[in-house]
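Written below as structure tokens is the structure these notes are about.
We count residues from 1, following the sequence as given.
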Amino acid sequence: MSAPCEPRATAPASAPPPPVPPVPPVPPVTSATSATASAPAARRPALDWRIRFAGLSLIWGFSFLLIKVGTEGYAPFQVTFGRLLAGTAVLVAAMVMRRERLPRSARTWGHLTVAALLLNALPFSLFSYAELTIPSTLAGICNATSPLWGMVLSVVALSEDRPTRRRVAGLGVGFLGVLTVLGAWQGFSGLDLPGTGMALLASFCYPVGWIYVRRTLAGTGSSTLALTGSQLCLATAQLAVVTPLFTSTPTSFPLLPTLSVLALGALGTGLAVLLQYGLVQEVGPTTAQMVTYFIPVIATAAGVALLGEQLSWNTPVGALVVLVGAALTQSRPRRSAAATPAPPPAPGSPSIGPAGRDPRLPQP
């Protein structure tokens with residue numbers, strides 16, 4: 001589970017690839033040097049950004065395996081509720097340590113409720129239900145189609161984000177890759193269509209949520225971490241209402257599925273968001289979003305090596321074509337060297353990345 005213009009304010013979310021899904025924006029910078037210049041008092045992270053980048057790739061790449069293992073002991077809604085609860089705990093702890101304040105506007109909370117559904121509760125649940133019947137490798141590849149859906153929607157909903165020939169070509173290449181993964185020439189034989197459809201719908205939710213957030217939650221005055229933590233709290237509350245209606249209380253707590261759900265939430269939904277903040281701040285959203293292209297590779301390797309999932313030739317070939325198409329849809333023309341650089345955003349003001357794009361990634 002791809003030349004900058006002036007940043008604009010936006011708000012967070014959290015989600016693939018993935019890409020991934022993805023997840024929250026922070027003030028973008030074009031390099032580690034510019035980040036240091038704009039915030040001279042900031043402390044240098046203890047770990048090199050490349051190590052954190054690799055860690056984020058691994059965390060989100062293994063998320064699909066963790067979902068698969070979690071559904072072996074719990075219902076899909078229970079897996080989603082558990083991961084949201086654990087992820088929210090991590091972000092709330094980070095908010096307390098940094099003394100972040102929750103949003104005060106009722107309007108902001110209303111829009112965050114919709115964002116929580118589109119970017120957390122719904123796609124997380126769809127992936128959990130999808131992996132009841134499809135391999136984790138296929139779910140990871142479906143997550144990588146999110147940039148393709150994003151480009152289609154941006155043409156309709158974002159007038160400032162018009163496509164170029166290269167991006168249109170990338171869209172065509174990407175969907176050709178999807179057809180290759182699904183084995184369209186075989187009439188999709190042997191493919192679980194409902195499960196695959198749910199995984200693709202989950203990846204579609206992310207760009208829908210991003211566009212909604214950009215149009216409704218710009219300039220709230222709250223920090224990105226506070227908005228994202230609030231959003232996860234709301235998503236957890238949504239699942240707390242839905243889960244008892246469609247599932248029964250577990251009679252046992254099997255060790256491996258329980259650990260998988262806790263790791264999925266604490267690492268894939270909590271720690272990963274904090275890692276992404278640091279990466280976007282230090283190296284910029286363009287470099288940080290490259291993690292999207294590693295997610296399906298890691299998800300496929302993990303599914304085959306650890307779960308023994310079968311892999312036919314069209315799956316890796318199609319996945320490679322999808323990633324090429326996704327990368328092309330994210331390409332932008334270079335800005336002239338004579339162009340005046342945009343002023344840095346005000347402290348605590350969330351903003352979007354190059355060419356008006358939201359630097360959040362789809363969480364798997």
Please name the pair of heavy atoms, one in [X] and one in [Y], separated by the smallest distance, quoted to 0.1 Å.
| X | Y | result |
| --- | --- | --- |
| Ala326 | Ala144 | CB-O, 4.3 Å |
| Thr243 | Thr247 | O-OG1, 2.7 Å |
| Ala115 | Val213 | CB-CG2, 3.8 Å |
| Ser57 | Val291 | OG-CG2, 3.0 Å |
| Leu171 | Met151 | CB-SD, 4.0 Å |
| Ala319 | Ile141 | CB-CD1, 3.8 Å |

Within the 3.5 Å criterion, strictly below it, is a donor on [X] or [Y] matched to an acceptor on the partner's side chain?
| X | Y | value |
| --- | --- | --- |
| Tyr74 | Thr258 | yes |
| Thr88 | Thr236 | yes |
| Glu309 | Ser136 | yes |

Single-linkage hydrophobic cluster, 4.5 Å side-chain cutoff, [X] and [Y] together:
| X | Y | value |
| --- | --- | --- |
| Phe53 | Leu58 | yes |
| Leu84 | Leu245 | yes |
| Leu132 | Leu122 | yes |
| Val261 | Leu255 | no |
| Ile67 | Val304 | no |

Are any side-chain N or O atoms of [X] and backbone N or O atoms of [Y], one a donor and one an acceptor, separated by less than 3.5 Å?
| X | Y | answer |
| --- | --- | --- |
| Arg83 | Gly265 | no |
| Thr180 | Leu176 | yes |
| Arg52 | Leu47 | yes |
| Glu131 | Gly195 | no |
| Ser105 | Arg107 | yes |
| Trp49 | Val283 | no |
| Ser230 | Leu102 | no |
| Trp109 | Pro103 | yes |

Next on the checklist: Please determine whether the number of non-hydrogen atoms from other residues, nucleotides or ligands lying under 6.0 Å from atom CZ of Phe204 exceeds 12.
Outcome noted: no
Checklist entry - Parallel, tilted or perpendicular for Tyr129 and Phe77, by the 30°/60° rule? => result perpendicular
Any heavy-atom pair between the side chains of [Y] and [X] that's under 4.5 Å?
| X | Y | result |
| --- | --- | --- |
| Thr269 | Val90 | no |
| Thr315 | Gln310 | no |
| Cys205 | Leu126 | yes |
| Ser125 | Leu239 | yes |
| Thr228 | Tyr277 | yes |
| Leu306 | Phe62 | yes |

From [X] atom [atom1] to [Y] atom [atom2], the distance as rounded to the nearest 0.5 Å:
| X | Y | atom1 | atom2 | result |
| --- | --- | --- | --- | --- |
| Leu279 | Leu274 | CG | CG | 11.0 Å |
| Phe124 | Thr80 | CZ | OG1 | 8.5 Å |
| Leu182 | Thr196 | CG | OG1 | 6.0 Å |
| Ile211 | Tyr206 | CD1 | OH | 15.5 Å |
| Gln231 | Leu91 | CD | CG | 10.0 Å |
| Leu267 | Leu275 | CG | CG | 9.5 Å |

Checklist entry - Does the pair Leu307 and Thr137 meet the rule for a side-chain contact (heavy atoms from CB on, under 4.5 Å), with working shown? => result CA-CA 10 Å; Leu307 297 181; Thr137 54; over 6 Å; no
Item to check | Identified side chain to side chain contact (heavy atoms under 4.5 Å, CB included) partner of Leu66 from the options Leu264, Leu262, Val79, Leu259 | outcome: Leu264
Next on the checklist: Could you go through Thr145 and Trp149, starting from their C-alpha distance and side-chain angles, then the distance that decides it, and tell me whether this counts as side chain to side chain donor-acceptor pair (under 3.5 Å)?
Outcome noted: CA-CA 7 Å; Thr145 64; Trp149 300 120; 3.1 Å; yes
Item to check | Sequence-distant partners of Ser312, side chain to side chain donor-acceptor pair (under 3.5 Å), two or more places apart | outcome: Asn314
Checklist entry - Where do Gln238 and Phe81 land on the side-chain contact (heavy atoms from CB on, under 4.5 Å) test, with the steps shown first? => result CA-CA 9 Å; Gln238 291 169 356; Phe81 175 67; over 6 Å; no
Checklist entry - Please walk me through it: do Ser128 and Thr71 pass side chain to side chain donor-acceptor pair (under 3.5 Å)? => result CA-CA 7 Å; Ser128 295; Thr71 56; over 6 Å; no
Item to check | Verdict with reasoning, Leu227 to Thr108, per side-chain contact (heavy atoms from CB on, under 4.5 Å) | outcome: CA-CA 9 Å; Leu227 288 168; Thr108 298; 4.0 Å; yes
Checklist entry - Passes side-chain contact (heavy atoms from CB on, under 4.5 Å), Met198 versus Phe127? Steps please. => result CA-CA 7 Å; Met198 283 189 285; Phe127 272 126; over 6 Å; no
